[in-house]
Q: 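The following block contains the structure, expressed as structure tokens.
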Number of protein chains: 2
Amino acid sequence: MQFKIMTVEDDRAIREMIAENLTKWQFEAFTTTNFSNVLEDFLAEKPHLVLLDINLPIYDGFYWCQKIREVSKVPILFISSRNNNMDMVMAMNMGGDDFISKPFSIEVLIAKINATLRRSYDYVDLQTDILEHQGIILNLDSGTLKINEQIIDLSKNEYKLLHILMKNHGKIVSRDKLLRSLWDDERFVDDNTLTVNINRLRKKFESAGVGHFIETKIGQGYIIP
Amino acid sequence: MQFKIMTVEDDRAIREMIAENLTKWQFEAFTTTNFSNVLEDFLAEKPHLVLLDINLPIYDGFYWCQKIREVSKVPILFISSRNNNMDMVMAMNMGGDDFISKPFSIEVLIAKINATLRRSYDYVDLQTDILEHQGIILNLDSGTLKINEQIIDLSKNEYKLLHILMKNHGKIVSRDKLLRSLWDDERFVDDNTLTVNINRLRKKFESAGVGHFIETKIGQGYIIP
DNA sequence: AATTCAGCTAACAATTTTGTAAGATACACA
DNA sequence: TGTGTATCTTACAAAATTGTTAGCTGAATT
């Protein structure tokens, strides 16, 4: 099931960041900047969930929450600029379903959205799980890789390696950790087997036109910067 | 990273339910029922996160939160029996990191725990992603299956099939949907190929001593009830 | 600059995975 | 109950994955 999410947020940078990430996570995202009549856009688009900033020009988020509640039980997730406890209580009393304070990480936002959707709709066909970094999308459902619209099939070893490295992007992952993650302690594999598997993974990236995704840190391990 | 979580909750059923689920989600769980000295157990175990019920015998959750705060900055997630806004504000003022009201879904609890851990510890090595149903655990990271402590390796097709069926447990998934999920439209595969792959998956369950996990609904598809 | 060692690459064989064919069952409906 | 169709099972060959070996490359250290 494809959920449609409406974002009401006046800070353009945040608005665009949210929309971009929602799309990335396979939601249908749309934003409104018609702050004098949010309800109009809501009724026109009928989203499955509303992300509502509290600080808005003209009327505030609480006002629009009330307006929406008059016509719909759609789940509403409030976004607050400051970590204000009164806001949080207010938001909940208003009929808000959850509350997130800026600054927030996209992972937390997505987790909250998924949790709220799961609670509000009886849906079992969960969102596609993905891991994204620099335009490279790892699909956890199918174990495939998407690089500028090309779908690349990964073997199980390749998938496991990339999964670990992408989860830890920005940090060096030691060869030892990778070895222990892919092969049980009991099972003895040659140290070079890891190198070969990294090599195979890199070749797939190269064949898709991506040069240096996985970097070697000699003596330390590998990193996706 | 393996996080240790301490649960302080007087309702035995809830306490055990939480502990069981924490373990399932790869946390190290321990509970205390020493309500006259929660701090003692806290100091002995040094957990990474505390789940603290507000209504407790002898002293309440707020008291223990203060006691813990005197010695530690460990993240504390409050559990409230009633959806009481004052409790929520109080909890936050006390130095609580998050707040969840009963009844809560395990998914939400886990999401909140993960979000809090992510905020509190600079860890990028996220929790293992799993899908669980009736004691059968599908590890999304490694593409393996865990059936009463046995680890069973799945091939890529077997993993994809099981993943879809487990995501949709309780619902019938049509053969057509499975076919389209596993094989691109362009790629023509025999209709029986799906049957064979289901058969192979079932054999792995049987070899682990599980009889009827995937049921056939003739003319409709397959279902994990 | 020479040396050393960590990591890279290519080639090979063993193993596993995969799709298909062919015949066997079992269910649904007349 | 009989018939047709959907699903199951087994066996087989093709294809992909995997671990190892052996030799190569390139960075770090002296």
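Residue numbering restarts at 1 for every chain, and letters A, B, ... go by the order of the sequence lines. Note: hydrogens, waters and symmetry copies are ignored here, and every other heavy atom, side chains too, is used.
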Q: Is any side-chain nitrogen or oxygen of A:Thr195 closer than 4.0 Å to OP1 or OP2 of C:dT9?
A: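 No, because none of the side-chain N or O atoms of A:Thr195 sits under 4.0 Å from OP1 or OP2 of C:dT9.
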
Q: Using a cut-off of strictly less than 4.0 Å, decide whether B:Tyr222 has a side-chain nitrogen or oxygen near OP1 or OP2 of D:dC8.
A: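 Affirmative; the distance criterion is met.
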
Q: If you assign B:Glu158 and A:Asp191 each to the DNA chain C nucleotide with the nearest heavy atom, which residue ends up on the more 5' nucleotide?
A: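 Going by which nucleotide is closer to the 5' end, it is A:Asp191.
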
Q: Distance check needed: C:dG23 C1' versus B:Asp190 CG, whole Å only.
A: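 Interatomic distance, CG of B:Asp190 to C1' of C:dG23: 14 Å.
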
Q: Quick one: is C:dG19 close enough that its OP1 or OP2 comes under 4.0 Å of any side-chain N or O from B:Trp183?
A: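 Result: yes.
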
Q: Find the distance A:Lys156:NZ to D:dG19:P and express it as a whole number of Å.
A: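 Rounded to whole Å, this separation is 11 Å.
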
Q: What about A:Asn192: does its side chain form a donor-acceptor pair under 3.5 Å with the base of C:dT9?
A: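 Such a pair exists between side chain and base.
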
Q: Provide, to the nearest angstrom, the distance between the CD1 atom belonging to A:Ile223 and the P atom belonging to C:dG7.
A: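 Spelled out: CD1 on A:Ile223 to P on C:dG7 is 15 Å.
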
Q: Take atom NZ of B:Lys203 and atom P of C:dT18, then tell me their distance rounded to the nearest Å.
A: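 Distance check: B:Lys203 NZ to C:dT18 P gives 15 Å.
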
Q: Just N and O in the side chain of B:Arg202: are any of them under 4.0 Å from OP1 or OP2 of D:dT9?
A: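 Result: no.
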
Q: CG of B:Leu201 versus P of D:dT9: gap in Å, rounded?
A: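 One finds 12 Å between P of D:dT9 and CG of B:Leu201, rounded.
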
Q: Run B:Leu154 and B:Thr144 through side chain to side chain contact (heavy atoms under 4.5 Å, CB included) and show every step you take.
A: CA-CA 6 Å; B:Leu154 295 178; B:Thr144 54; over 6 Å; no

Q: What is the distance, to the nearest angstrom, from the CG atom on A:Asp176 to the P atom on C:dG7?
A: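 In whole Å, C:dG7 P lies 11 Å from A:Asp176 CG.
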
Q: Looking for any heavy atom pair under 4.0 Å, which part of the strands does A:Thr193 touch: base, sugar-phosphate only, or nothing?
A: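 It contacts base atoms.
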
Q: Which part of the nucleic acid does A:Arg175 contact within heavy-atom distance under 4.0 Å: base, sugar-phosphate only, or nothing?
A: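 Answer is sugar-phosphate: A:Arg175 comes under 4.0 Å of backbone atoms only.
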
Q: Is it true that A:Glu206 and A:Arg202 have a side-chain N and a carboxylate O under 4.0 angstrom from each other?
A: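 Salt bridge: no.
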
Q: Please determine, for the side chain of A:Val196, which listed nucleotide (D:dT18, D:dT20, C:dA21) has the closest atom?
A: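 Side chain of A:Val196 sits closest to D:dT20.
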
Q: Should the pair B:Arg200-B:Glu158 be classified as a salt bridge under the 4.0 Å nitrogen-to-oxygen rule?
A: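 No.
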
Q: Give the rounded distance in Å between these two atoms: CD1 of B:Ile198 and P of D:dT10.
A: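 Atom-to-atom, B:Ile198 to D:dT10, this comes out as 16 Å.
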
Q: What is the distance, to the nearest angstrom, from the CG atom on B:Leu194 to the P atom on D:dA6?
A: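 In whole Å, D:dA6 P and B:Leu194 CG are 14 Å from each other.
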
Q: Does the side chain of B:Thr216 get closer than 4.0 angstrom to OP1 or OP2 of D:dA6 through an N or O atom?
A: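 No, because none of the side-chain N or O atoms of B:Thr216 sits under 4.0 Å from OP1 or OP2 of D:dA6.
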
Q: Does A:Asp176 come within less than 4.0 Å of A:Arg180, counting only side-chain N to carboxylate O?
A: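 Salt bridge present between A:Asp176 and A:Arg180.
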
Q: Quick check on DNA chain D: between A:Ile218 and A:Arg200, whose nearest nucleotide comes earlier from the 5' end?
A: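 Mapping each residue to its closest nucleotide by heavy atoms, the 5'-most match is A:Arg200.
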
Q: So, does A:Glu20 use its side chain to make a donor-acceptor pair with the main chain of A:Met17 at under 3.5 Å?
A: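 No, because the side chain of A:Glu20 does not come within donor-acceptor range (under 3.5 Å) of the backbone of A:Met17.
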
Q: Does the side chain of B:Lys217 get closer than 4.0 angstrom to OP1 or OP2 of C:dC27 through an N or O atom?
A: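 Indeed not, no polar side-chain atom of B:Lys217 lies that close.
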
